[in-house]
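Presented below is the structure to which this report refers.
Lettering of chains follows the sequences in order, A, B, ..., and the numbering in each one begins at 1.
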Amino acid sequence: MALNKVDINVQPKEEGYVPKSKKKTFSYIQVLPVVSFALALGIWWVIAELELIRLPTPAEVIMQLYVMATGTVAGQPLHFHVYMSLQRVLIAFVIALAVGIPLGTMMGWNRRIEKIFNPIFEIFRPIPPIAWVPLAILWMGIGEAPKIFIVWVGCFVPMVVNSFTGMRYADKLLMDASRTLGATRSQQFFNVALPAALPSIFAGVQNGLSLGWMCVLAAEMIAAREGAGFLILQGMYVRNEAMIVSGMLIIGLLGFLIAIFLRYMEKVITPWRKEELV
Amino acid sequence: MNQEVSSITKLEEYKKSREKKVEVRDLIKAFDDLLVLNEVNFDIYDGEFLCIVGPTGCGKTTFLNVLAKLLPATEGDILIDGVSADPKKHNIAFVFQEPSCIPWQTVEQNIRFGLEIKRLPANEINKRTEMVMELIGLTRFRNYLPKELSSSLEQRVVIARNFVMQPDIMLMDEPYGQLDVKLRYYLEDELIKTWQELKPTVLFITHNIEEAVYMAERILILSNKPTTIKSEVIVDLPRPRNFADPSFVEVRDHITDLIRWW
Amino acid sequence: MKEIIKCENLCKTFFTEDGEEEVLRNINLSVKENEFLVILGPGQCGKTILLNIIAGLETATSGRVLLEGEEVKGPSPERGMVFQRIALMPWKTVIDNIELGPRLRGVPKKTRRKEALELINMVGLNGFEKAYPHELSGGMKQRVGIARAYASNPKILLMDEPFGHLDAQTRYYMEEEILRIWEQDKRTVIFVTNNIEEAVYLGDRVLIMSKLPGTIKDEHQIPMERPRDYTDQAFLEYRQEISEQTELAL
């Protein structure tokens, strides 16, 4: 029997509709973000000019960024600092992935493993990465290792948590369906549970990377001589407020770019996710 | 041919004997250049139980949403009592497919809610609430919370809540969709009984042709997209109706033939 | 006629903190080969749990289920299942979903691809092999579910209200489709539903379940020829009769 067109969940392109009267619909809503941004900038400028608190003006910050970009800070060009921070985060991120996702998924899949690791994990979970700085210095000195460790702590927790919930709350119906098809326990894990948990796991990866990036400043408080966080600290030492704000802006901008990249990756890795509302 | 002539006269007699409550004039709804509703024209009469049926995917929900003023019409107008329909002035009740009770209020509180917002006098609220609860068999559930009720009971609370407002028009979007057939007939009987008692104007949308024939005084049949009114049928069978009755079957078959896409 | 499934004194009780809930009581039934058996019951009557026990997804508190004389001990592709909610893997295409069972059992790629394409043709989804579930309508998704169950060459098909979430008209369409598919080899089917019209349209035999605790109240043979006519007088009489025996679950 031929498939009737109405059965398909795609709207057929009907004869185009031409409205009798062309009403121009200008939406003020679209302008709002621009207005609010300009307003914020203006308020910043006023506060800085009037010296109500010690704050560099936007102009001073831009000047400072230019100087840093074209010159060096502590003997290194700006892009080197950015590169060092990114490197630390990348290494920490990869280690967190390798440890956190297997741990989280296994805890979600197997009750015994959950009971073993969960209590320990729950105790460490609320401790913020920055609290680990003293111990990190004690154990690993003041080289790259402790910095990477701090960022790792930031990345690790969300990855475990999200992998766990993704696994634990994977749709039981899909599991049942695979069982009726004869899937063994390990087949269920790899063929059903893991893909079903993937959106959640990836959310953990996103959160982990963002959080890890935010730990860069804390990490680079450990005797760093380069890095995006170091720029802020340097600004503090030499009492250059414009440098402090510049460093903050750089960290913010990079964090924003990372988030965009991750959102794009989400579409690539889990293309089915958004439409799954039917 | 004779049957057609007699049904046209039946239609005319029906319309002449009734007062218009809602008028839909040249209603057009388009999403960008996708035309969904195409010059829909019809009237709803005061106190009428009107059903609308149509093939799958014919824009029924869009139609209801525009009627309830939840979506703006692209062109055309909807008049209630001769005046352009306005949710602030007019009382448009809407029963959705999923129950929509307020979870932190009891059954009784849910039913009273709309009346209290309109600040009706307390004894009027009490009177109406008691009557509707009695009609819909909810009196013994009055202190239950929605989460303690089955979904069919919840839906009845929503319907009660709407009836009690004595709305200008009551729009119902397949409220009994997911329930089993026996329960459906029971609830449909209850709905008709309540309607006969309170006589609001009801517009009931459904995919289920048998349901429409069971309940409606008049049935409008929608076409495929771009949607228009394809046909109109008067159902003048006596109540209570029986799905096995030959005249019932005749009406049902007639409408099925008009819609059948499968 | 070979007996495919036999349920002996099945009972199921749920033990919770609030107490015991008896869901199934003394279910005895048997299904012959090539039979289209319908189990009909009101909203909450344990019929889904009964089907799950036959499928092996749940265990009975007492009693047993036999498949061709052997006791059932868990799910198996021999008892293929079509679920009420869509149970397709959303990250897999239609054809990959259908091939899932054979793939898990190690059937070589060429063979299973060929069989899957035949099944796609059987359920009328030609052209949609590479589509994802979210791109399909409700009726189409269920067809994939049916094809998937068939792919494991089951001895019996268990269908749990597969058309329950479809609108009335798509439902009629799917009821015709399922019979068309079934007529090809008359695979034994247990079909669970709460819709009396559907039961009379589809079944060779209809078992009527009571409200909780669920028992088999009654049995009707429907010897009418297929395809049946919903508004035919004989059909309506069966409907009327069965309707009087089903219980109202408020």
Rounded to the nearest 0.5 Å, how far apart are CG of A:Leu194 and CH2 of C:Trp91?
-> 9.0 Å
For the residue pair A:Leu181 and C:Ser152, establish whether any side-chain heavy-atom pair is separated by less than 4.5 Å.
-> yes
In short, C:Met81 meets A:Thr180 closest at the heavy-atom pair CB-CG2, 4.0 Å
Heavy-atom neighbours of A:Leu257 CG exceed 12 at 6.0 Å = yes
With a cut-off of 6.0 Å (strictly less than), are more than 12 heavy atoms of other residues, nucleotides or ligands near CZ of C:Phe15?
-> yes
In this structure, CG of C:Leu88 is separated from CG of A:Leu173 (nearest 0.5 Å) by 9.5 Å
Would you indicate whether the side-chain heavy atoms of A:Asn191 and C:Met89 approach each other to under 4.5 Å?
-> no
For A:Phe117, does the CZ atom have more than 12 heavy-atom neighbours from other residues, nucleotides or ligands under 6.0 Å away?
-> no
Which residue, C:Pro75, C:Pro77, C:Ser76, forms the side-chain contact (heavy atoms from CB on, under 4.5 Å) with A:Arg179?
-> C:Pro75
Should we count CZ of C:Arg226 as having more than 12 external heavy atoms under 6.0 Å?
-> yes
Between A:Asp176 and C:Arg85, does at least one N-O distance fall below 4.0 Å, as a salt bridge requires?
-> no
Where does C:Tyr132 contact chain A at under 4.5 Å (heavy atoms): side chain, backbone, both or neither?
-> neither
Residue by residue, which of residues 95-102 of chain C have a heavy atom closer than 4.5 Å to a heavy atom belonging to chain A?
-> C:Leu100, C:Gly101
Donor-acceptor contacts, no H, no angles, side chain residues 65-74 of chain C, under 3.5 Å, sequence neighbours left out:
residue: C:Glu68; atom: OE1; partner: C:Lys155; partner atom: NZ; Å: 3.3
residue: C:Glu68; atom: OE2; partner: C:Lys2; partner atom: NZ; Å: 2.8

Around atom CZ of A:Phe261, are there more than 12 heavy atoms of other residues, nucleotides or ligands at under 6.0 Å?
-> no
